[in-house]
Amino acid sequence: MHFDLKYGSEVLPLDLEASQVINIILPKPRKPLADALEFVRRVLAKPEGTPPLAEMLAARKPKKLVIVVNDITRPTPYSVLMPPLLEVIQKAGIPDSHVTLVTATGIHDPHTPEQNILVYGEEVCRRFKVISHNATDPAGLVYKGKLPSGYDFWLNKLVDEADFLITIGVVMPHYFAGFSGGRKSILPGVAGKETVQKNHARMVELMDNLPPIRENPVSLEMIHAARLAGVDFILNVVVDDNEQVVEVVAGDLEKAWYKAVDVSESMYMIPIKEQADITVSAASGFPRDINLYQSQKALDHADRATKKGGTIILVAECREGYGEKVFEEFMNRGWTPQHIMAEIKAHFVMGGHKAYGFAKVAAEKNIIMVSSLPEKIVASCFARKAGSVQEAVEMALKEQGTEARFIIMPEGSVTVPKL
């Protein structure tokens, strides 16, 4: 059996005997929309749970229209979503000067001007103000009160001052929030670091036993925060593994988003009958494997497919290294996986949660990485480096024996095995 595994902007080959492979975990196919642009126009005119966007804008006549958009780590088809959205805004008589795009960086680094053009396109960047959220700048945050779990909610000031708030997102599985998109544009997208940290601290309770999305306490807290932020309208999309649009939803924060969640779940939550001795998980190529911080999702998904004591081969280019300073610092402390996990449980800190993710897997399984990273960085993540996928397979077979059986995850960042 031959596989071409996404790696950065390229593919890497893998060949195995069919008898060695017990499962190939791929998204369930769903037909791409024949005319995605027209479909977006349709859902903006007939959204879920709200009046048509044009009617809402005509009634409100906003002077501070804010659109919260994803950052470079979240592949989003803006070429499909933005033209119909901007058509509606323009027809409502709202000048470009009244529209601001706020990039939902969460605790990620702000965009450079070049990244803005790469992600949103030259026309959008020329016409509108595009501002990256800064989760650590007190002057750019507003206190919105307590969330139900008792912690403080700090929100981006530009978002808070909006007199009409639209969020754009992609709905994909998420390793502890359940799914991305919807409410995640606000928390963690444009929330203060302290708020994000308190919300994400609950991941240690959920990673081993993720509840259904409508019961997930982290997600429910995110919804509450988005309601407090005053989200008026969402525009969310589901894409297939080739980034082709298969569903677009618009309207109410919950009604529209849950509709997209149901589609995404049907595509990306994949039942398996047994776990493998060896799992090969590709982190879905650039930008999902842009760094270790993002590639951890593919490792977490592979963990669910792999027997205790088994081996995971993570295929991830990671051209930008660790991807986050606190995460990097944790991985270079020289601690054991158990020590890292105990520290994060006792004193949760953002960035440390990704260290927890690597440590949790390394505590029970062997990790081999195929990556552009130097061996020192790979070793800091409790992994060994292989020069190719085939070499990694040979290393894994030495650990697990020649009769070992494989699960292959060509889209490891987005497919979630369910035993």
Side-chain angles (χ1 to χ4, degrees), residues 5-12 69-76 78 103-121 125 130 132-136 170 172 174-175 180 184 188-189 193 196 200 243 281-302 312-333 349-359 361-362 367-389 392 411-414:
L5 303 176
K6 294 177 184 175
Y7 176 85
S9 303
E10 305 171 9
V11 294
L12 298 181
V69 289
N70 283 339
D71 72 2
I72 194 170
T73 66
R74 306 283 190 272
T76 308
Y78 291 106
T103 301
T105 52
I107 65 160
H108 304 162
D109 291 335
H111 275 189
T112 63
E114 293 76 19
Q115 285 176 320
N116 281 339
I117 292 171
L118 178 66
V119 176
Y120 312 121
C125 294
V130 182
S132 288
H133 169 65
N134 185 341
T136 60
V170 176
M172 302 291 283
H174 187 276
Y175 66 110
S180 63
K184 262 182 122 266
K193 185 175 181 179
V196 177
H200 282 36
E243 306 300 333
S281 180
S284 305
F286 182 84
R288 296 189 192 279
D289 72 348
I290 191 171
N291 53 40
L292 283 164
Y293 191 95
Q294 294 300 325
S295 299
Q296 180 270 334
K297 298 182 181 94
L299 181 68
D300 179 74
H301 296 163
I312 295 171
I313 298 171
L314 178 63
V315 181
E317 183 190 40
C318 303
R319 65 180 68 170
E320 294 189 4
Y322 288 97
E324 203 276 332
K325 292 181 180 64
V326 176
F327 168 50
E328 179 176 353
E329 192 264 326
F330 260 96
M331 300 316 290
N332 283 288
R333 288 185 180 182
V349 60
M350 286 302 298
H353 72 296
K354 289 290 180 175
Y356 182 95
F358 274 91
V361 178
I367 306 170
I368 300 169
M369 282 194 67
V370 181
S371 173
S372 67
L373 296 169
E375 286 190 24
K376 183 180 179 182
I377 293 180
V378 171
S380 74
C381 298
F382 312 110
R384 290 175 296 143
K385 181 170 178 172
S388 67
V389 184
E411 295 288 346
S413 283
V414 296

With a 4.5 Å cut-off on side-chain heavy atoms, are [Y] and [X] touching?
X	Y	answer
His108	Gln294	yes
Tyr120	Thr103	yes
Ser9	Arg319	yes
Phe330	Arg333	yes
Lys297	Lys354	yes
Lys6	Arg288	no
Cys381	Ile367	no
Asn70	Tyr78	yes

[X] side-chain N/O to [Y] backbone N/O, donor-acceptor pair under 3.5 Å:
X	Y	value
Asp289	Gly8	yes
His301	Gly412	yes
Ser295	Ala283	no
Ser180	Val170	yes
Thr105	Ser132	no
Asn332	Glu328	yes
Thr73	Asp71	no
Ser281	Leu299	no

I need the [X] [atom1] to [Y] [atom2] distance, nearest 0.5 Å.
X	Y	atom1	atom2	value
Glu10	Leu5	CD	CG	13.0 Å
Gln296	Cys318	CD	SG	11.5 Å
Leu292	Glu320	CG	CD	11.5 Å
Cys125	Gln115	SG	CD	11.0 Å
Phe286	Ile72	CZ	CD1	4.5 Å

Write down the atom of [X], the atom of [Y], and the distance for their closest heavy-atom approach.
X	Y	answer
Val326	Met350	CG1-O, 3.3 Å
Gly351	Glu324	CA-OE1, 3.2 Å
Met369	Ala383	CG-CB, 3.9 Å
Lys385	Val378	N-CG1, 3.8 Å
Ala392	Val370	CB-CG2, 3.9 Å
Ala135	Ile107	CB-CG2, 4.4 Å

Lys325 bridged to Glu329 by N-O distance under 4.0 Å:
no

Looking at residues at least two apart in the chain, or sitting in another chain, which of them share a side-chain hydrogen bond (donor to acceptor under 3.5 Å, both in side chains) with Asn134?
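side-chain hydrogen bond (donor to acceptor under 3.5 Å, both in side chains) list for Asn134, sorted by chain: Thr136.
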
Check the angle between the aromatic planes of Tyr175 and His353 and answer parallel, tilted or perpendicular using the 30° and 60° thresholds.
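Parallel, since the angle between the ring planes stays under 30°.
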
Run the ring-centre check on Phe327 versus Phe358 and record whether the distance is less than 6.0 Å.
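Ring-ring flag for Phe327/Phe358: true, centres closer than 6.0 Å.
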
Determine whether more than 12 heavy atoms belonging to other residues, nucleotides or ligands lie under 6.0 Å from atom CD of Glu375.
no

